[in-house]
Amino acid sequence: MPSNVIVGLQWGDEGKGKITDLLAKNSDYVIRYQGGNNSGHSIHIKNRHFILHLVPSGVIYSGVKCIVGPGVVIDPKSLIQEIQNLESMEINTHQVFLAKRAHVTMPYHRLLDQYQEEALGDKSIGTTHKGIGPTYEDKIARIGIRVLDLLDLKIFYEKLKYNIDLKNKIFTKIFHREPISFQSIYEEYIEYAKILSNRIIDAVYEIHDAFHNKKKILFEGAQAMLLDINYGTYPYVTTSSTSTGGVCTGAGIPTNFLKNFIGITKAYCTRVGFGPFPTEIGNEICDIIRKKGNEYGATTKRPRRCGWLDLIALKYSCMINGINNLVITKLDVLSELEIIKICVKYKCDGEIIQYFPANIKKNVKGVYIDLPGWKQDISHIHEYKDLPKNCKKYIKFIEDYLNLETLLISVGSERNQNIIKNKSLFLKIFT
Ligand code: GDP
Ligand code: IMO
Ligand code: MG
């Protein structure tokens, strides 16, 4: 059974959680393959509101196995808290597992994240301060602590000792801060390992067995394409491969396991943190969108920067990810607007360009086409034919530009506020 991948096509928060939850209904497995608890994936089901950071967004269905995969970085304190929160909301978490090979975020990673950001001053990235970057740095430096190391006290002791001695030199000599204590961290993490031990699995074999047993697997991306370490707006990016390419390295699977590449885009753009944003709206329309779309970070509560849909960036994202199924979310948020702008070119230092530049900076600005708004509530609509004419024109414009058909349109945060545009394709993929 070929597997499905969900990825964000912009700067995150496209509604991956909502769409993963929707598609999890017909999946046996939902697997995270990169990122960490920098993610905040929201799911609304009637009056219940879940924000998931590490636990895959299939967890609401008790029959779905949820794996925090090998390419993820895991903060055990955060994971345990998340599991406890879910249990307190009567969600069964017995099917949540974590990969032995995943790397562990330690308290010194969170501190390093904060100190590095402070040292960058006005060039800071605007990270989530969750220690994600420093955890991946240690992984690449080959000094990281993996989940399986927590299960071997001798190895854990040695690795932690080495790391804390090293980090204390960095803290005191470079950042002029207090050193941290080995013993309390050692004891704290041994407790976490005890709590999590029966969830730790060899995810690589589990995923391969599932695939060969024809199980339906959904890989859930975190962050999004334009935050990708290789292809995003570097250095204003996160530290993992957020693209569909990251699934293979992050979950230990070959490329031929994958078939349906589902890209999620908002009907406009948002970004949290710093960095270039060619279609950013600097006026009261940003406030309207932020208010209507509740554009505040699910993890950090920061107000999200808002902008018009950027088709240059979207096409670039679809190209790198090999997207063959498009999902457009938050279309309802644009309902109040008279005119909706859509970016089809960039202006860069006086020159018009039609590609996403590798050295994209503040000097790149969107060039727009104005489309008429539809000025009516669409949040109750379930059939594509019932959408207002101008709304369909907006969707058609996007599809024509990207040369892609839309699979699904989301018109509200509730689980059932969706329009399945291509029903036969949807049924083919998800039944
Ligand atoms: P993720 O990180 O990609 O999972 O997205 P977030 O959960 O961080 O942010 C998306 C926000 O938009 C959440 O508050 C969702 O509940 C909400 N949302 C998702 N789809 C829609 C939609 O179609 N319309 C509206 N109004 N809100 C939506
Ligand atoms: P989800 O999965 C939006 C952003 C941060 C910052 C940059 C680097 O909910 O879409 P990091 O802490 O990763 O080192 O921060 O990446 N960022 C996100 N923005 N949604 C996310 O996740 C994000 N995860 C990280 O704001 O700009
Ligand atoms: Mg989010």
Side-chain angles (χ1 to χ4, degrees), residues 6-22 32 34-45 49-54 56-57 72-73 75 105 109-110 112-114 116-117 124-137 220-229 232-240 242 263-277 289-305 327-335 377-379 381 408-419:
I6 284 185
V7 286
L9 297 174
Q10 299 167 312
W11 282 281
D13 306 325
E14 294 87 356
K16 298 177 291 294
K18 176 189 161 166
I19 304 300
T20 303
D21 167 68
L22 183 75
R32 278 275 309 270
Q34 46 69 231
N37 63 332
N38 46 352
S39 307
H41 293 184
S42 320
I43 301 172
H44 292 257
I45 304 167
H49 182 191
F50 305 93
I51 299 180
L52 301 169
H53 301 287
L54 275 163
S57 305
V72 177
V73 292
D75 183 328
T105 297
H109 292 130
R110 290 193 293 268
L112 274 171
D113 196 350
Q114 181 197 327
Q116 284 171 0
E117 280 283 271
S124 71
I125 310 297
T127 72
T128 57
H129 283 198
K130 300 289 181 190
I132 307 300
T135 313
Y136 278 116
E137 281 172 38
E220 177 185 12
Q223 292 74 56
M225 185 61 224
L226 303 175
L227 290 170
D228 184 272
I229 184 70
T233 48
Y234 192 88
Y236 298 95
V237 291
T238 191
T239 42
S240 61
T242 58
I264 320 267
T265 176
K266 280 181 189 175
Y268 50 94
C269 279
T270 61
R271 171 160 210 174
V272 257
F274 305 118
F277 187 178
I289 293 177
R290 185 179 292 136
K291 191 160 172 238
K292 184 93 197 284
N294 191 23
E295 295 297 356
Y296 295 89
T299 298
T300 58
K301 315 288 174 228
R302 290 177 290 179
R304 296 176 182 146
R305 298 155 69 191
V327 175
I328 301 176
T329 60
K330 307 194 89 162
L331 190 61
D332 55 300
V333 174
L334 300 181
S335 290
D377 180 22
I378 57 165
S379 60
I381 293 179
L408 186 79
I409 297 166
S410 168
V411 291
S413 57
E414 269 293 323
R415 194 185 237 180
N416 64 359
Q417 286 182 294
N418 306 299
I419 298 168

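Numbering of ligands and ligand atoms starts at 1, following listing order. When a residue number appears, it is its place in the shown sequence, counting from 1.
Summary of contacts: the protein heavy atom closest to atom 15 (O) of ligand 2 is Thr127 CA, 3.3 Å. For atom 14 (O) of ligand 1, the nearest non-hydrogen atom of the protein is Ser42 OG, 3.8 Å. With respect to atom 19 (N) of ligand 2, the closest heavy atom belonging to the protein is Val272 CG2, 3.4 Å. In this structure, the protein non-hydrogen atom closest to atom 10 (O) of ligand 2 is Lys16 NZ, 2.7 Å. At the shortest separation from atom 6 (P) of ligand 1 among protein heavy atoms lies Gly40 O, 3.5 Å. Looking only at protein heavy atoms, the nearest one to atom 23 (C) of ligand 2 is Gln223 CG, 3.7 Å. Summary of contacts: the protein heavy atom closest to atom 10 (C) of ligand 1 is Asp13 O, 3.6 Å. For atom 2 (O) of ligand 2, the closest heavy atom belonging to the protein is His41 NE2, 2.7 Å.
By the criterion of a heavy-atom distance under 4.0 Å, the side chain of Val333, and not its backbone, is placed next to ligand 1. Under 4.0 Å from ligand 1, the heavy atoms of Arg304 that appear belong solely to its side chain. Residue Asp332 touches ligand 1 through its side chain alone, judged by heavy-atom distances below 4.0 Å.
Near Ser410, with a cut-off below 4.0 Å to any heavy atom, the atoms of ligand 1 are 20 (N), 21 (C), 22 (C), 23 (O). Those atoms of ligand 2 with a heavy atom of Ser39 less than 4.0 angstrom away are 1 (P), 2 (O), 9 (O), 22 (O). Those atoms of ligand 2 with a heavy atom of Ala222 less than 4.0 angstrom away are 2 (O). Counting the atoms of ligand 2 from 1 in the order shown, those under 4.0 Å from a heavy atom of Gly12 are 3 (C), 10 (O), 20 (N). Within the listing of ligand 2, atoms 3 (C), 19 (N) sit less than 4.0 angstrom from a heavy atom of Trp11. Residue His44 approaches ligand 1 through these ligand atoms, each under 4.0 Å from one of its heavy atoms: 16 (O). Close contacts between ligand 1 and Gly17 involve ligand atoms 4 (O) [criterion: under 4.0 Å to a heavy atom].
Residue-ligand proximity: Lys266 is placed with every non-hydrogen atom at 4.0 Å or more from ligand 1. At least one heavy atom of Gly412 sits under 4.0 Å from some atom of ligand 1. Under a 4.0 angstrom heavy-atom cut-off, Arg302 registers as being in contact with ligand 2. At a 4.0 Å cut-off, not a single heavy atom of Asn294 sits close enough to ligand 1 to count as contact. Gly12 does not count as a contact of ligand 1, since none of its heavy atoms falls under 4.0 Å from the ligand. Ligand 2 lies out of reach of Ala224, whose nearest heavy atom is not under 4.0 Å from it.
Taking 4.0 Å as the cut-off between side-chain N and carboxylate O, Glu295 and Lys330 count as a salt-bridged pair. Using a 4.0 Å cut-off between a side-chain N of Lys or Arg and a carboxylate O of Asp or Glu, Arg415 and Asp21 qualify as a salt bridge.
Considering each of Lys330, Glu220, Lys18, the one bringing a non-hydrogen atom nearest atom 11 (C) of ligand 1 is Lys330. Selection from Gly126, Gly232, Gly297, Gly273 by nearest heavy atom to atom 6 (C) of ligand 2 gives Gly126. Residue nearest to atom 17 (N) of ligand 2, selected from Asn38, Leu227, Thr238: Leu227 (by heavy-atom distance). Across Thr128, Val237, Asp13, heavy-atom proximity to atom 8 (C) of ligand 2 is greatest for Val237.
Among all heavy-atom pairs drawn from Ala222 and Ser39, the shortest one is CB-OG, 3.1 Å. Glu14 and Ile264 make their closest contact through CG-O, 3.4 Å (heavy atoms, listed as atom of the first residue, atom of the second, distance).
Legend: residues meeting ring pair (Phe, Tyr, Trp, His ring centres under 6.0 Å) with His44, ordered by chain and number and at least two apart, are His49.
If you look at the Mg ion (ligand 3), the protein N, O or S atoms less than 2.8 Å from it are Asp13 OD1, Gly40 O.
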